[in-house]
Amino acid sequence: MTELAGVTELLLSRIRDVPDYPVPGVTFKDITPLLADPVAFTALTDALADFSVRHGATKIVGLEARGFILGAPVALRAGLGFIPVRKAGKLPGATLRQSYDLEYGSAEIEVHAEDLAAGDRVMVIDDVLATGGTAEASLNLIRRSGAEVAGVAVLMELGFLEGRRKLVQALDGAPLEALITI
């Protein structure tokens, strides 16, 4: 078994299925048992940090909210700065804002205007790639700041929601890494 396969197996063993949450018919993938296990959380952090370093990232962006939990330790492990991307209205001072469409409506995310600049290579870290809307908006936000996209790395990709397909154009050749695909 390869090292990454062993990590994937460990991570999968620490993700709990919660049936009918948040609505009937949905099986929620709960990562809190993984976060509570220091061996699994370290393995996850190491894998995401390795991916970030291999692709030349100079900064890590974490998407609200679980992307903060994963992205901050990845940034520390990789020796990089951490930049939170928040829901609109949550950051003080000058921000860049990006809107995106949801299934029913729209939403907006923001980043501090001074946190990203030309010359930065930014890796986006999040827990789940679902439909790809938030990830795509973050890539647009990064590029609008003048920075480059180093890639996107997630713990889990929900392949049946086809978020990867939506991101292909926005990635513009940058890599997308999912440690687990469901």
Side-chain angles (χ1 to χ4, degrees), residues 1-19 21-22 26-85 100 109 120-139 141-142 148-182:
M1 173 171 22
T2 68
E3 184 178 335
L4 186 56
V7 168
T8 299
E9 185 177 308
L10 172 63
L11 299 177
L12 271 170
S13 75
R14 301 303 188 272
I15 296 171
R16 178 177 55 190
D17 284 349
V18 181
Y21 182 83
V26 171
T27 299
F28 182 78
K29 299 294 187 182
D30 181 14
I31 68 167
T32 59
L34 186 158
L35 299 174
D37 179 334
V39 172
F41 195 13
T42 298
L44 171 60
T45 300
D46 289 347
L48 294 174
D50 178 63
F51 183 73
S52 299
V53 169
R54 277 189 291 120
H55 291 285
T58 61
K59 291 190 177 168
I60 300 294
V61 155
L63 304 181
E64 190 167 339
R66 289 180 296 254
F68 297 174
I69 296 168
L70 303 183
V74 167
L76 283 174
R77 181 63 46 95
L80 306 174
F82 175 76
I83 312 298
V85 169
Y100 60 102
I109 55 173
D120 288 333
R121 286 188 43 80
V122 183
M123 182 65 65
V124 176
I125 302 287
D126 206 3
D127 65 329
V128 174
L129 174 63
T131 62
T134 308
E136 180 182 33
S138 73
L139 299 178
L141 194 61
I142 290 164
E148 296 177 46
V149 173
V152 174
V154 297
L155 164 61
M156 201 175 354
E157 177 180 353
L158 304 179
F160 59 93
L161 293 177
E162 299 187 359
R164 182 178 292 264
R165 188 171 58 102
K166 180 176 185 162
L167 283 182
V168 167
Q169 185 174 354
L171 283 164
D172 193 28
L176 168 59
E177 176 83 9
L179 297 174
I180 299 168
T181 301
I182 296 172

Taking the side chain as every heavy atom from C-beta outward, state whether Leu129 and Val152 have any pair of such atoms under 4.5 Å apart. no
Those residues at least two apart in sequence (or on a different chain) that pass side chain to side chain contact (heavy atoms under 4.5 Å, CB included) with Asp30 are Arg16, Val18, Phe28, Thr32, Pro33
Those residues at least two apart in sequence (or on a different chain) that pass side chain to side chain contact (heavy atoms under 4.5 Å, CB included) with Thr42 are Asp46, Arg77
Among Ile125, Val154, Ile60, Leu155, find the one that has a side-chain contact (heavy atoms from CB on, under 4.5 Å) with Leu48. Ile125
Output all residues satisfying side chain to side chain contact (heavy atoms under 4.5 Å, CB included) with Ile69, sequence neighbours left out; order by chain, then residue number. Leu35, Phe41, Arg66
Rounded to the nearest 0.5 Å, how far does CG of Leu63 lie from CD1 of Ile109? 6.5 Å
What's the shortest heavy-atom distance between Ala75 and Phe82, and which atoms? CB-CB, 3.8 Å
Please give me the minimum heavy-atom distance between Val53 and Ala78, naming the atom from each residue. CG2-CB, 3.8 Å
Separation between CD of Glu148 and CD1 of Ile142, rounded to the nearest 0.5 Å: 11.0 Å
Could you pull out all residues at least two apart from Asp172 that satisfy salt bridge (Lys or Arg N to Asp or Glu O under 4.0 Å)? none
Side chain to side chain contact (heavy atoms under 4.5 Å, CB included) against Ile182, all qualifying residues, sequence neighbours excluded: Lys29, Met156, Leu158, Ile180
Of all the heavy-atom pairs spanning Ala153 and Met123, show the shortest one and how long it is. N-SD, 4.1 Å
Quick one: side-chain hydrogen bond (donor to acceptor under 3.5 Å, both in side chains) pairs with a partner in residues 154-168, sequence neighbours left out? Glu157-Arg164, Glu162-Arg165
State which residues pass side chain to side chain donor-acceptor pair (under 3.5 Å) with Glu177; sequence neighbours excluded, sorted by chain then number. none
Hey, could you give me the CD/CG distance between Glu136 and Leu167, rounded to the nearest 0.5 Å? 6.5 Å
Results of ring pair (Phe, Tyr, Trp, His ring centres under 6.0 Å) for Phe51 - residues two or more places apart only: His55
Dump the intermediate steps for side chain to side chain contact (heavy atoms under 4.5 Å, CB included) on Val124 and Val149, then the final yes or no. CA-CA 8 Å; Val124 176; Val149 173; 5.5 Å; no
Non-neighbouring partners of Thr134 that pass side chain to side chain donor-acceptor pair (under 3.5 Å), sequence neighbours left out: Tyr100
Chi angles and distances behind the side chain to side chain contact (heavy atoms under 4.5 Å, CB included) call for Ile83, Val122: CA-CA 9 Å; Ile83 312 298; Val122 183; over 6 Å; no
